[in-house]
Protein chains: 2
Amino acid sequence: MDKKQLLLDAALKLFVEYGFHGTPTSLIAKEAGVANGTLFHYFKTKDELVVALYVDIKSRMSGYVFEHAKGQATFKDTIKEQYLASLYWALDNQLQFRFVEQFKNSPYLAQIAPLEIEASLKPFYDMLNKGIKEKIIKPQPVDLLFTLISSQTYGINQYLISNNFPKAKQHQLISDSFEMLWAMIT
Amino acid sequence: MDKKQLLLDAALKLFVEYGFHGTPTSLIAKEAGVANGTLFHYFKTKDELVVALYVDIKSRMSGYVFEHAKGQATFKDTIKEQYLASLYWALDNQLQFRFVEQFKNSPYLAQIAPLEIEASLKPFYDMLNKGIKEKIIKPQPVDLLFTLISSQTYGINQYLISNNFPKAKQHQLISDSFEMLWAMIT
DNA sequence: ACATTTGTTGACTGTTTAGTCAGTCGTTGG
DNA sequence: CCAACGACTGACTAAACAGTCAACAAATGT
């Protein structure tokens with residue numbers, strides 16, 4: 001039994017349900033089935049737990065997307081696979097997705113160093129730059145393009161979650177919306 | 001001096017800086033320059049204050065967008081003016097915008113009745129339906145179209161805020177991104 | 001076999017918090 | 001002029017909170 005992971009799992013569930021400050025550390029420990037003090041053995045403060053959870057989830061998500069999008073033949077296919085992988089991950093990990101969005105829109109985000117954020121974005125920026133050089137996508141600033149792509153991903157995901165479509169319809173919508181996105185940036 | 005408004009203003013500023021639960025009611029009262037008890041005279045609980053602030057800001061924003069987008073000649077112009085007005089409002093009211101996003105991604109959102117949300121969305125849905133009937137925009141579900149439009153609006157706003165462009169460049173980007181959006185939905 | 005480190009516990013504490021309340025003050029209407 | 005009322009006050013309280021700590025248990029190294 002990895003008590004650290006049990007704590008992270010419990011924290012995730014409770015943070016999404018009650019919010020960061022609406023969730024006492026005592027409740028997290030109880031939900032995880034460990035003693036109160038154990039939480040502070042693994043995380044010096046509650047803030048550190050929140051940030052650690054964010055970093056953990058982010059790295060799992062990036063890993064998944066990267067793993068699924070590598071080895072595509074064309075530029076379009078690579079972008080498309082990334083889009084698809086992001087959405088399928090979000091659909092399969094809704095708690096994680098909601099936590100990340102909550103975190104990103106909270107003052108906690110300030111605790112993530114700008115350099116760290118930039119580093120995690122670099123692979124995507126590099127790829128978009130390549131697409132611009134090869135005249136496949138519009139010559140707009142890469143951070144603008146990235147913003148457009150990720151906000152659409154977020155939007156479609158919200159839409160899929162609030163309507164509980166069957167798998168086939170989901171797939172269709174994801175595919176269609178990618179073509180709309182592609183039309184926008186090329 | 002309207003102390004209720006002073007409290008709402010103080011709460012807005014502090015919530016954006018420290019988060020909902022990171023802001024004690026005592027600090028809100030102090031920042032507003034009123035006594036502790038006065039806060040509870042106007043708002044029965046802290047939660048009620050948070051929700052009241054959200055409703056207040058939302059209605060101001062809708063009012064502004066509606067006011068600026070009415071009386072346009074064509075369907076495209078109407079949509080465009082709404083897009084522009086939303087972005088200009090967000091740029092001029094960044095605290096409000098950030099608060100709304102924080103609220104939307106928090107468990108507080110559950111305290112807003114679904115019927116209320118639907119009612120506030122209806123005018124937009126009606127308009128989009130009109131556009132579909134007249135074969136101007138793609139025959140996709142209106143809630144999907146709305147999601148695409150609003151998530152792009154959110155994304156562009158994030159981009160404009162994080163890069164501090166001169167007014168002219170801002171205007172250019174907003175205009176360009178609208179054309180990209182229009183290309184996507186027509 | 002023992003020593004040392006690492007993990008784990010839960011009762012405890014000092015502080016902070018939302019919310020209360022008894023009472024003051026200024027205004028309005030009879 | 002004064003009664004009634006709502007706005008307003010700030011000291012107060014009971015509960016909840018993050019974080020501590022001394023003790024114990026298990027694993028690891030020698």
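- At whole-Å resolution of the value, CG in B:L39 and P in C:dT17 are 14 Å apart.
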Could I get a table of every N or O pair under 3.5 Å where one atom is in the protein and the other is in nucleotides 22-28 of chain D?
none

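- Taking the six-membered ring wherever Trp is involved, the centroid distance between the rings of B:Y108 and B:Y54 does not fall below 6.0 Å.
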Do any side-chain atoms of residues 155-162 of chain B form donor-acceptor pairs under 3.5 angstrom with protein atoms, and if so which ones, sequence neighbours left out?
| unit_1 | atom_1 | unit_2 | atom_2 | d |
| --- | --- | --- | --- | --- |
| B:Q158 | NE2 | B:Y154 | OH | 2.7 |
| B:S162 | OG | B:Q158 | O | 3.0 |
| B:S162 | OG | B:Y159 | O | 3.3 |

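- The distance from atom NZ of A:K30 to atom C1' of C:dT9 is 17 Å, rounded to the nearest whole Å.
- By the ring pair (Phe, Tyr, Trp, His ring centres under 6.0 Å) test, B:H171 pairs with B:Y88, sequence neighbours left out.
- Contact between the side-chain N/O atoms of B:H41 and the OP1/OP2 oxygens of D:dC8 is not found at any separation under 4.0 Å.
- For the side chain to side chain contact (heavy atoms under 4.5 Å, CB included) test, residues two or more places apart in sequence or in another chain that qualify with A:Q82 are A:V65, A:A69, A:T78, A:F124, A:M127.
- Geometrically, B:K122 does not engage B:Y125 in a cation-pi contact, judged by NZ or CZ lying under 6.0 Å from the ring centre and within 45° of the ring axis.
- Of the possible polar contacts, none joining the A:T23 side chain to the A:Y18 backbone as a donor-acceptor pair under 3.5 Å is found.
- For the pair A:K130 and A:D126, the salt-bridge criterion is not met [side-chain N within less than 4.0 Å of a carboxylate O].
- A close approach under 4.0 Å does occur between a side-chain nitrogen or oxygen of B:K3 and OP1 or OP2 of D:dT9.
- Checking the phosphate oxygens (OP1, OP2) of D:dA7, no side-chain nitrogen or oxygen of B:Y42 falls inside 4.0 Å.
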Check the interface with nucleotides 18-20 of chain D: list each N/O to N/O pair with the protein under 3.5 Å, or write none.
| unit_1 | atom_1 | unit_2 | atom_2 | d |
| --- | --- | --- | --- | --- |
| D:dA18 | OP1 | A:K46 | NZ | 2.7 |
| D:dA18 | OP2 | A:T25 | N | 2.7 |
| D:dA18 | OP2 | A:T25 | OG1 | 2.9 |
| D:dG19 | OP2 | A:K46 | N | 2.8 |

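- Nucleotide C:dG7 holds its C1' atom 17 Å from the CD atom of A:Q5, rounded to whole Å.
- As a whole-Å value, the separation of A:F43 CZ from C:dG7 C1' is 14 Å.
- Summarising the geometry, the separation between CG on B:L6 and P on D:dC8 is reported as 10 Å, rounded to the nearest angstrom.
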Test log, rule salt bridge (charged side-chain N to carboxylate O under 4.0 Å, His left out), inputs A:K13 and A:D9 | CA-CA 6 Å; A:K13 184 187 154 193; A:D9 291 347; over 6 Å; no
List, one per line, each side-chain donor-acceptor pair under 3.5 Å for residues 174-185 of chain B, sequence neighbours excluded.
| unit_1 | atom_1 | unit_2 | atom_2 | d |
| --- | --- | --- | --- | --- |
| B:D176 | OD1 | B:Q172 | NE2 | 3.0 |
| B:S177 | OG | B:Y83 | OH | 2.7 |
| B:S177 | OG | B:L173 | O | 3.1 |
| B:S177 | OG | B:I174 | O | 3.0 |
| B:E179 | OE1 | B:K76 | NZ | 3.2 |

